[in-house]
Amino acid sequence: MLATYPILYSFRRCPYAMRARLALMVSNRVCELREVVLRDKPPEMLEVSPKGTVPILIDVDGRVLDQSIDIMLWALRQHDPEKWLMPQQGSVTEMLELIALFDDTFKYHLDRYKYPDRYPGVDAQVHRYEGSLFLEQLNSRLSATKYLFGNNVALADMAIAPFVRQFAHTDPAWFNEQPWPQLQAWLAEFTDSQIYSSVMQKYPKWESGNAGVVFP
């Protein structure tokens with residue numbers, strides 16, 4: 001029997017899960033959200049995706065998407081009312097290239113800046129500096145246009161902003177002191193937005209056998 005809705009395994013504060021929820025919210029792709037606790041992952045989740053990280057979306061036909069960008073594209077290709085896949089400047093391919101750069105290299109430095117205790121011998125300040133070079137690039141882009149690919153919000157903004165938020169929250173006083181006014185304004189607009197508030201609602205931990213939450 002087919003499921004009523006796609007199932008989304010999510011964790012509220014995970015930036016990968018956050019951006020998947022943003023795309024599901026804007027596209028109004030209804031799903032059954034299952035909030036997980038990462039130190040106590042449900043066996044149902046591990047069964048469909050042994051890598052054990054969120055987000056994971058199981059479509060009603062049983063297809064599994066366990067990369068957040070794939071979930072964003074899946075949702076937006078069905079319904080894209082805000083035209084996130086139609087940037088004012090550049091192309092989807094260029095947006096995906098910038099996103100991949102942040103997912104791979106910036107995230108490496110972000111993790112070691114935010115969680116130095118997890119990485120023996122790491123100097124958090126070195127990784128803050130390396131990460132800041134990426135943020136300087138974003139500030140430069142945002143000096144030319146309001147958003148990363150023109151003057152309208154697009155996929156790249158919503159895919160990268162959750163990671164910039166995490167970097168900024170590691171030491172907010174330091175972040176706010178940096179000469180990045182355009183980046184700081186861009187991030188503030190994101191965190192003050194209605195869609196951000198909507199996807200950051202708290203949900204109880206999902207337990208095996210229980211129904212998830214209908215989202216959005």
Side-chain angles (χ1 to χ4, degrees), residues 8-26 33 35-40 53-55 67-69 71-72 84 95 98-143 146-148 153-205 215-216:
L8 178 73
Y9 288 99
S10 181
F11 173 60
R12 179 176 173 269
R13 295 196 310 275
C14 169
Y16 292 108
M18 199 182 297
R19 69 186 183 188
R21 295 195 306 273
L22 287 164
L24 291 164
M25 173 71 71
V26 79
L33 186 148
E35 180 75 9
V36 302
V37 174
L38 297 181
R39 64 178 178 273
D40 183 22
T53 57
V54 293
Q67 298 295 329
S68 58
I69 286 297
I71 296 172
M72 293 186 85
W84 288 8
M95 289 197 292
L98 183 64
I99 293 164
L101 181 67
F102 270 75
D103 284 5
D104 296 337
T105 314
F106 176 75
K107 181 68 163 59
Y108 174 86
H109 296 299
L110 167 60
D111 287 345
R112 285 153 182 80
Y113 169 41
K114 187 173 178 64
Y115 308 110
D117 294 346
R118 297 181 184 176
Y119 304 93
V122 153
D123 183 341
Q125 302 307 305
V126 168
H127 291 285
R128 180 171 77 179
Y129 170 75
E130 293 292 341
S132 73
L133 299 178
F134 289 85
L135 300 187
E136 286 174 6
Q137 291 178 37
L138 291 189
N139 189 70
S140 179
R141 294 181 78 104
L142 294 165
S143 300
K146 187 176 182 185
Y147 300 103
L148 295 176
V153 170
L155 176 73
D157 300 280
M158 290 303 194
I160 292 172
F163 296 89
V164 178
R165 169 193 170 275
Q166 199 174 56
F167 194 98
H169 277 221
T170 303
D171 186 345
W174 177 87
F175 180 82
N176 291 329
E177 288 168 358
Q178 302 312 300
W180 304 328
Q182 288 83 10
L183 178 68
Q184 289 150 349
W186 172 85
L187 182 62
E189 181 180 305
F190 171 70
T191 56
D192 291 343
S193 67
Q194 180 61 51
I195 190 170
Y196 173 78
S197 299
S198 297
V199 304
M200 291 303 285
Q201 288 185 50
K202 292 184 178 180
Y203 299 105
K205 174 189 171 186
F215 176 90

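Contact annotation: the side chain of L183 never approaches that of Q178 to less than 4.5 Å [non-hydrogen atoms, C-beta and beyond]. With contacts defined as side-chain heavy-atom distances shorter than 4.5 Å, the pair L135/F175 qualifies. In this structure the side chain of Y129 never reaches within 4.5 angstrom of the side chain of Q125, judged on heavy atoms. Inter-residue side-chain proximity for F190 and V164 is flagged as unmet; no heavy-atom pair is nearer than 4.5 Å. Taking 4.5 Å as the limit, every side-chain heavy atom of P15 sits out of range of all side-chain heavy atoms of L110. For the pair Q201 and L33, the minimum side-chain heavy-atom distance is 4.5 Å or more. T53 places none of its side-chain heavy atoms less than 4.5 Å from the side chain of Y16. For the pair H127/Y119, no side-chain contact is recorded, criterion being any heavy-atom separation below 4.5 Å from C-beta on.
With salt bridges taken as basic N to acidic carboxylate O contacts below 4.0 Å, one links E189 and K146.
Counting all heavy atoms, side chain and backbone alike, V36 lies closest to F11 at O-CD1, 3.3 Å. Residues M72 and A23 approach most closely at CA-CB, 3.6 Å, considering heavy atoms. Nearest heavy atom pair, residue Y203 against residue E35, reads O-CG, 3.7 Å. For the residue pair R118 and P120, the shortest heavy atom distance occurs at O-CD, 3.7 Å.
For the atom pair SG of C14 and OH of Y9, the computed distance is 16.0 Å after rounding to the nearest 0.5 Å. The distance from atom CZ of F102 to atom CZ of F167, rounded to the nearest 0.5 Å, is 10.0 Å. Considering CG of N139 and CH2 of W186, their distance stands at 10.5 Å, rounded to 0.5 Å. A distance of 10.5 Å separates OG1 of T191 from CE of M200, quoted to the nearest 0.5 Å. To the nearest 0.5 Å, the span separating OG1 on T105 from CG on L133 amounts to 11.5 Å. We find the CD-CG distance between Q166 and D111 to be 7.0 Å, quoted to the nearest 0.5 Å.
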What's the verdict on side-chain contact (heavy atoms from CB on, under 4.5 Å) for D103 and F163, showing C-alpha distance, side-chain angles and the deciding distance?
CA-CA 9 Å; D103 284 5; F163 296 89; 4.3 Å; yes
Trace of the side-chain contact (heavy atoms from CB on, under 4.5 Å) decision for D171 with Y113:
CA-CA 10 Å; D171 186 345; Y113 169 41; 3.3 Å; yes
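Checking side-chain atoms of R141 against main-chain N and O of L148 turns up a donor-acceptor pair under 3.5 Å.
A side-chain donor from one of S10 and R21 sits under 3.5 Å from a side-chain acceptor of the other.
Using a 30° and 60° split on the angle between ring planes, H109 and F134 fall in the tilted class, from 30° to 60°.
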